[in-house]
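Take a look at the structure below.
Along the sequence shown, the residues carry numbers beginning at 1.
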Amino acid sequence: QVTLVESGGDLAQPGGSLRLSCQASGFTTAYTNIAWFRLAPGARNREGVACVNRHSGLTQVDLSVRGRYTISMDNAGNTAFLQMDNLRPADTGTYYCATTIDKPRSWTHGRQCLSRQEYETWGRGTRVAISS
């Protein structure tokens with residue numbers, strides 16, 4: 001059974017940076033993708049911001065945060081990172097990582113990679129607050 005634990009959330013100032021981590025345990029090769037989602041205050045649904053294929057390293061970053069967010073994996077493929085730069089108040093929210101199984105490499109470039117319905121296993125989230 002896979003478990004995911006997020007960390008790195010904090011209070012930061014606009015223009016600053018944060019690095020979130022998603023530590024996984026129990027991974028098998030069947031788990032192909034990891035994604036980061038944000039639940040903004042007052043929002044009903046989590047929105048995908050970035051995803052990565054664990055085996056190929058292919059990534060996708062949502063247009064809304066492209067150029068400021070970067071997703072990456074450690075060499076072992078067990079920890080995913082979300083580097084968040086030039087932070088804005090709109091980045092405030094709870095960030096979750098999630099994983100899914102048996103997706104082809106091409107899937108990472110599609111819209112499904114950032115769709116919460118495609119992910120079966122979730123962490124509990126880490127809170128990010130951007131305020132001066």
With sequence neighbours excluded, residues passing ring pair (Phe, Tyr, Trp, His ring centres under 6.0 Å) with Tyr96: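 Testing Tyr96 for ring pair (Phe, Tyr, Trp, His ring centres under 6.0 Å), a comparison that skips the adjacent residues, returns none.
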
Can you measure from CD (Glu118) to NZ (Lys103) and round to the nearest 0.5 angstrom?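 Nearest 0.5 Å value for the CD-NZ distance: 5.5 Å.
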
Mind checking the OG1-CD1 spacing from Thr59 to Ile71? Nearest 0.5 Å is all I need.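 Rounded to the nearest 0.5 Å, the OG1-CD1 separation comes to 7.5 Å.
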
Check against side-chain hydrogen bond (donor to acceptor under 3.5 Å, both in side chains), Ser7 and Thr126: CA-CA 6 Å; Ser7 62; Thr126 186; over 6 Å; no

Check the side chains of Thr108 and Asn33 for a donor-acceptor pair under 3.5 angstrom, ignoring hydrogens and angles.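 Looking only at side-chain atoms, Thr108 and Asn33 do form a donor-acceptor pair, the distance falling under 3.5 Å.
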
Assess the residue pair Phe81 and Cys97 against the criterion (side-chain contact (heavy atoms from CB on, under 4.5 Å)); give the C-alpha distance rounded to whole Å, side-chain angles, the decisive distance to 0.1 Å, and a yes or no. CA-CA 10 Å; Phe81 303 100; Cys97 66; over 6 Å; no

Taking only residues two or more places apart in sequence or in another chain, which ones pass side chain to side chain contact (heavy atoms under 4.5 Å, CB included) with Pro41?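 Pro41 satisfies side chain to side chain contact (heavy atoms under 4.5 Å, CB included) with Thr92 once adjacent residues are dropped.
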
Arg68: side chain to side chain contact (heavy atoms under 4.5 Å, CB included) partners, not counting sequence neighbours: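 Arg68 satisfies side chain to side chain contact (heavy atoms under 4.5 Å, CB included) with Val65, Asn86, Arg88, Asp91 only.
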
In residues 47-56, what donor-acceptor pairs under 3.5 Å come from side-chain atoms, sequence neighbours left out?
residue, atom, partner, partner atom, Å
Asn53, OD1, His55, N, 2.8
Asn53, OD1, Ser56, N, 2.9
Asn53, OD1, Ser56, OG, 3.3
Arg54, NE, Gly77, O, 2.8
Arg54, NH1, Thr28, O, 3.1
Arg54, NH1, Tyr31, O, 2.6
Arg54, NH2, Gly77, O, 3.1
His55, NE2, Thr29, O, 2.9
Ser56, OG, Leu58, N, 3.1

Is Arg46 close enough and on-axis enough to Trp122, meaning under 6.0 Å and within 45°, for cation-pi?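 Verdict for Trp122: a cation-pi partner in Arg46.
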
Ignoring hydrogens and angles, write down the donor-acceptor pairs under 3.5 Å from the side chains of residues 9-23, residues two or more places apart or on other chains.
residue, atom, partner, partner atom, Å
Ser17, OG, Asp85, OD1, 2.8
Gln23, OE1, Thr79, OG1, 2.8

Residues in side chain to side chain donor-acceptor pair (under 3.5 Å) with Tyr95, at least two apart?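 Only Arg38, Tyr69 meet the side chain to side chain donor-acceptor pair (under 3.5 Å) criterion with Tyr95.
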
Can you check whether Ile34 reaches Tyr119 side chain to side chain, under 4.5 Å on heavy atoms?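 No. Closest side-chain heavy atoms not under 4.5 Å.
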
Are the side chains of Leu4 and Thr99 in contact, using a 4.5 Å heavy-atom criterion?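 Heavy-atom side-chain distance check passes, below 4.5 Å.
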
Tell me whether Asp74 contacts the main-chain N or O of Asn78 through its side chain, where contact means a donor paired with an acceptor under 3.5 Å.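 Yes; judged by distance alone, with no hydrogens or angles, the pair exists.
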
For side-chain contact (heavy atoms from CB on, under 4.5 Å), just list the numbers for Thr100 and Trp107, CA-CA rounded to whole Å, side-chain angles, deciding distance to a tenth of an Å, and then say yes or no. CA-CA 11 Å; Thr100 185; Trp107 189 82; 4.0 Å; yes

Could you give me the CA-CA distance, side-chain angles and deciding distance for Arg124 and Val5, then say whether side-chain contact (heavy atoms from CB on, under 4.5 Å) is met? CA-CA 7 Å; Arg124 293 188 174 185; Val5 178; over 6 Å; no

